[in-house]
Q: 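Dumping the structure here so I can ask a few things about it.
Convention: sequence-line order gives letters A, B, ...; per-chain numbering from 1. Every heavy atom of this structure was used, including side-chain atoms; hydrogens, water molecules and symmetry mates were not.
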There are 2 protein chains.
Amino acid sequence: MINRENGVACYQQLSEILIKQIEKGIFKPGSQLATEIELSKRYRLNRHTVRQAIERLENEGFVYKIKGKGTFVASDKINYKVSKRTSFTTSILDVGLNPDARLLESYEIAAGRELSKRLNIQFSDRIIVLEIVRFVNKMPFCHTTSFLSKAKFPELRSLINGSFSLVAVLKKHYGVDAVRKSSTFEVSTPETSDMDILMISQKVPILLVKSISKGQDGEVVEYCVTKFRRDMCSIIVDFNGEGR
Amino acid sequence: MINRENGVACYQQLSEILIKQIEKGIFKPGSQLATEIELSKRYRLNRHTVRQAIERLENEGFVYKIKGKGTFVASDKINYKVSKRTSFTTSILDVGLNPDARLLESYEIAAGRELSKRLNIQFSDRIIVLEIVRFVNKMPFCHTTSFLSKAKFPELRSLINGSFSLVAVLKKHYGVDAVRKSSTFEVSTPETSDMDILMISQKVPILLVKSISKGQDGEVVEYCVTKFRRDMCSIIVDFNGEGR
DNA sequence: GAGTGGTCTAGACCACTCA
DNA sequence: GAGTGGTCTAGACCACTCC
């Protein structure tokens, strides 16, 4: 199976073999891959070489690992749509999946240099921070940290309890119609806390999206940072759509 | 330096030490990092453990490696703006850098299933493919593969020679005003050819952006796939801006 | 030829999961 | 306690760059 003379690294060859097998659908999403030791026996490679091959699969989002359990074939990517007005819930429902969310915590901080600039408020103004994890089919999908001015939305923390549509709360209680103005896309790696929240290892890249939303009056309403599991989604930006 | 009792992996600790040093600006962009052997001596770690630490730095875009030469500190990320109408050249000039481009090759293929759907043409229609590498300050920045209908733009291949503003050529010679309609963002890993073109190793994630542009009449004009060096840029999507 | 990173092997111990 | 992946060490050889 592995050709040791053609100049192509063994781990390279192995990862291609495994990718082909996964793409052919020999393994179903969620099913367990052969263990490292099994693979090293089967292909007569050292376990570390096998690990290198699997690392690439993990980086490309073909598989995910669970410590003590094994390596599993990942599901297909979700096409997650983003436009001026996007609600996580409708976007996930649109592709026929089951959305869910949980408020991890809410707290207040002083704006500081960076955030005061983003939200266009004073350095010492108070900011409400909301940390929300969103799930698709019970799997953690993304982790959003939202920053809003306390002065503009004083009771937000108690209002948001139980409801996860921030946009709906802002509209209903403050009459504010928040629309996404810009988003920045970067690739990053998870911090320790994100590893637990999103259930991924530090080695898996994440997609980092920073967005600014403004109200009807053109004032900045929300600055939020969302970390997406890179193996779970492609993000589709619609430059026209008003979405919902 | 390295604490072997606190339960944090050594390579983890080392990568944090190195990131802090880079963030403090102890090393300037482009300068060489200590070699693997130097680091393994200095921190009393095995060379492989050091390599694990550096791998993380590479994944996060802090450093890049050149075979046979060494490991070097990467430059700051470029804030690359994308909106309905974006030209690479103006976007890079806007941030005070020096854009450049090179037509790698142009050729024709039959549409096939995938592309005929994207471009909304027939399965057997001919497609013009343009492969362009773009540079920022002489460094490879992204690799774009554009697909356009041969029937609509028969002479495109000869017209594009020497000019890299596809939008300008379409406007001038065909009277078509191409505007970006949607873009899909994914994280991926480079294919072998991209590794050479973008001068990166296979282990470094890339940002994959697939875009559709349409003309005034609403017909699809171009489908393009762009691979960005993940260590070189953040991509900023402007949902309003008409850009240029 | 000396120095760099890239690959491969061998073997060890760990923490975690599951029965 | 057996099996999984996670980490660390030791040592080897390679291709590449630079002098």
Q: So does B/K69 get a side-chain nitrogen or oxygen closer than 4.0 Å to the phosphate oxygens (OP1/OP2) of D/dC18?
A: yes
Q: Could you tell me whether the side chain of B/V237 reaches within less than 4.5 Å of the side chain of B/S183, counting heavy atoms only?
A: no
Q: May I ask you to say what A/L45 touches in the nucleic acid, namely base, sugar-phosphate or nothing, with a heavy-atom cut-off under 4.0 Å?
A: sugar-phosphate
Q: Can you check whether A/Y11 reaches A/H48 side chain to side chain, under 4.5 Å on heavy atoms?
A: no
Q: On DNA chain C, nearest-nucleotide positions of B/Q32 versus A/I66: which is more 5'?
A: B/Q32
Q: Would you say the side chain of A/L207 lies within less than 4.5 Å of the side chain of B/L207, judging by non-hydrogen atoms?
A: yes
Q: Within the distance-only criterion (no hydrogens, no angle test), does the side chain of B/Q13 pair as donor or acceptor with the backbone N or O of B/V8 below 3.5 angstrom?
A: yes
Q: Within the supplied structure, the quantity of interest is the number of heavy atoms (other residues, nucleotides, ligands) at a distance under 6.0 Å from A/D76 CG; does it exceed 12?
A: no
Q: Just the endpoints, please: which first and last nucleotides of DNA chain C, 5' to 3', lie under 4.0 Å from a heavy atom of chain B?
A: C/dG3 to C/dC8
Q: If only atom types and distance count, is the side chain of A/R229 paired as donor or acceptor with the main-chain N or O of A/L198 below 3.5 Å?
A: yes
Q: Please give the stem ranges for DNA chain D, sorted by first residue number, where a stem is three or more consecutive Watson-Crick or G-U pairs and both donor-acceptor distances are under 3.5 Å.
A: C:1-18 with D:1-18
Q: Pick one: which of B/L115, B/L130, B/I128 meets side-chain contact (heavy atoms from CB on, under 4.5 Å) with B/F147?
A: B/L115
Q: Would you check if the side chain of B/Q32 reaches a backbone N or O of B/K69 as a donor-acceptor pair within less than 3.5 Å?
A: yes
